[in-house]
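Atoms considered below: every heavy atom in the structure, side chains included; atoms not considered: hydrogens, waters and symmetry mates. Each chain gets a letter, A, B and so on, in the order the sequences are listed, and its residues count up from 1.
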Protein chains: 2
Amino acid sequence: MASYTPPLERLIEELKKLPGIGRKSAQRIAFFLLRSDSKNALALAAAITQAREKIITCSLCNSITVVDPCEICSDPERDRERICVVEEPFNIHSIERTGLYRGLYHVLMGNLSPIRGIGPDELRISGLIARVSSGGLREIILATSPTTEGSATAHYLTEILRQYKITISRIALGLPVGADLDYADEVTIAKAIEGRLEVK
Amino acid sequence: MASYTPPLERLIEELKKLPGIGRKSAQRIAFFLLRSDSKNALALAAAITQAREKIITCSLCNSITVVDPCEICSDPERDRERICVVEEPFNIHSIERTGLYRGLYHVLMGNLSPIRGIGPDELRISGLIARVSSGGLREIILATSPTTEGSATAHYLTEILRQYKITISRIALGLPVGADLDYADEVTIAKAIEGRLEVK
């Protein structure tokens with residue numbers, strides 16, 4: 001018995017393809033799926049299949065959805081004069097949880113990354129330009145991550161969108177709430193000082 | 001949008017049930033499954049379903065198998081006078097990889113654990129006793145883990161099996177190969193000294 005029985009070996013191989021799952025974790029999960037209630041394992045299989053069958057991409061904002069346009073794009077209550085640009089569909093969820101933003105979104109599906117061969121054509125930038133040039137917008141909020149790639153993407157979009165008469169803003173960089181100044185890196189502190197707001 | 005679209009939320013919920021997978025990992029895996037090739041995601045779903053449908057428990061040793069009795073139990077080449085007792089089916093794989101043991105196995109499906117309410121009746125001990133009392137055995141190797149629970153289980157089995165005229169052995173406890181004596185705990189060192197073998 002050099003390896004496990006074929007159906008188990010196949011399950012371990014498929015699980016190993018998931019992000020953050022190595023051989024040991026895949027084995028543990030596979031044995032868990034075999035030992036747990038059969039209903040649980042089959043529910044997971046069904047959830048994967050259904051998610052792949054039902055979930056589509058919104059043709060306007062590129063977010064994931066079961067209806068096109070998505071719930072946010074088709075919501076008449078949302079502020080249609082603002083678009084918040086994010087990297088990935090799950091970033092929308094993080095912003096929505098704040099309850100602070102009522103505008104629309106645009107998902108780029110990644111960041112510019114010359115090293116990984118991701119240029120402007122690999123991102124959903126043309127759709128964003130089409131939305132901006134069709135008019136009616138007042139503000140574009142660039143909410144890509146404050147990483148090298150996210151900042152480069154924000155910078156690139158600023159250059160591209162500068163020609164349109166709209167406000168372009170970038171989410172604030174600074175100390176996260178609850179952080180200790182002692183443990184913050186100097187770049188973050190510098191950004192926090194640069195971005196300081198007058199106390200009124 | 002308080003939460004994700006229902007099919008995605010369901011997928012995240014099912015993934016969260018897996019061992020070692022929290023909300024964040026479940027989200028990451030779910031988005032990976034949505035973004036990756038549809039074939040990959042459906043292959044995982046099929047692997048889970050097939051594993052549950054095809055894999056059964058060997059009626060002799062309790063290992064997982066697609067045929068009953070399992071490949072090891074039905075292999076005429078194996079030494080049928082020895083049974084190695086392990087906690088879980090995947091322990092068999094670890095021992096088989098050494099290539100050193102050619103006997104049979106018996107899976108207990110766990111360890112004695114009064115705290116978790118696992119007594120002798122919850123383990124597959126009666127099947128082991130039936131195999132021992134049917135005769136033809138020379139040795140039982142207790143290969144439960146050297147944890148409190150594994151050791152208690154080994155001790156319990158020793159008491160139960162003492163009445164049969166067979167050798168009962170316990171896998172050696174000592175320093176793992178490659179370990180530094182400086183970093184080993186005193187219980188392991190004590191076991192290594194107790195279990196010392198004469199150099200011939």
Looking at A/Glu159, I'd like to know if its CD atom is crowded, meaning that more than 12 non-hydrogen atoms belonging to other residues, nucleotides or ligands lie closer than 6.0 Å.
yes
Does any backbone or side-chain atom of B/Lys17 lie under 4.5 Å from a heavy atom of chain A? Answer side chain, backbone, both or neither.
both
About how many Å separate CD1 of A/Ile64 and CG of B/Leu8, when rounded to the nearest 0.5 Å?
4.5 Å
Tell me whether B/Val66 shares a hydrophobic cluster with B/Phe90, the cluster being built from Ile, Leu, Val, Met, Phe, Trp, Tyr side chains joined at under 4.5 Å.
yes
Between A/Glu88 and chain B, which part of the residue has a heavy atom less than 4.5 Å away: side chain, backbone, both or neither?
side chain
Taking a cut-off of under 4.5 angstrom between non-hydrogen atoms, the residues of residues 24-37 of chain A near chain B are A/Arg28, A/Ile29, A/Phe31, A/Phe32, A/Leu33, A/Leu34, A/Arg35, A/Ser36, A/Asp37
Please identify, among A/Gln50, A/Lys54, A/Met109, A/Glu13, the residue contributing the most non-hydrogen atom pairs under 4.5 Å to chain B.
A/Met109
Using non-hydrogen atoms and a 4.5 Å limit, figure out which bit of B/Ile55 sits close to chain A: side chain, backbone, both or neither.
side chain
Interchain contact, B/Ile12 with chain A, by part (heavy-atom threshold 4.5 Å):
neither
Does atom NZ (B/Lys191) have a neighbourhood of more than 12 heavy atoms from anything else shown, all under 6.0 Å?
no
Do A/Leu142 and A/Tyr164 share a hydrophobic cluster, counting only Ile, Leu, Val, Met, Phe, Trp and Tyr and linking them when any side-chain heavy atoms are less than 4.5 Å apart?
yes
Taking side chain as C-beta onward, heavy atoms only, is A/Thr65 less than 4.5 Å from B/Thr5?
no
Please report the shortest heavy-atom distance between A/Thr49 and B/Ala45, naming the atom on each side.
OG1-CB, 3.4 Å
Tell me which of these, A/Pro6, A/Gly20, A/Ala43, A/Ala46, has more heavy-atom pairs under 4.5 Å with chain B than the rest.
A/Ala43
Check the hydrophobic clustering (I, L, V, M, F, W, Y; side-chain heavy atoms under 4.5 Å; chains of links allowed) and say if A/Leu60 and A/Val86 are grouped together.
no
Looking only at A/Pro19, A/Ala47, A/Pro7, A/Ala51, most heavy-atom pairs under 4.5 Å shared with chain B are made by A/Pro19
Rounded to the nearest 0.5 Å, how far does CZ of A/Arg52 lie from CG of B/Leu11?
10.5 Å
Under 4.5 Å between side-chain heavy atoms, hopping through other hydrophobics if needed: is there a path connecting B/Ile21 to B/Ile48?
yes
Determine, using the 4.5 Å side-chain heavy-atom cutoff (strictly less than), whether A/Leu18 and B/Leu42 are members of one ILVMFWY cluster.
no
Side chain proximity check, B/Leu44 to A/Leu44, heavy atoms < 4.5 angstrom
no
Residue part contacting chain A, namely of B/Asn40, when any heavy atom lies under 4.5 Å
both
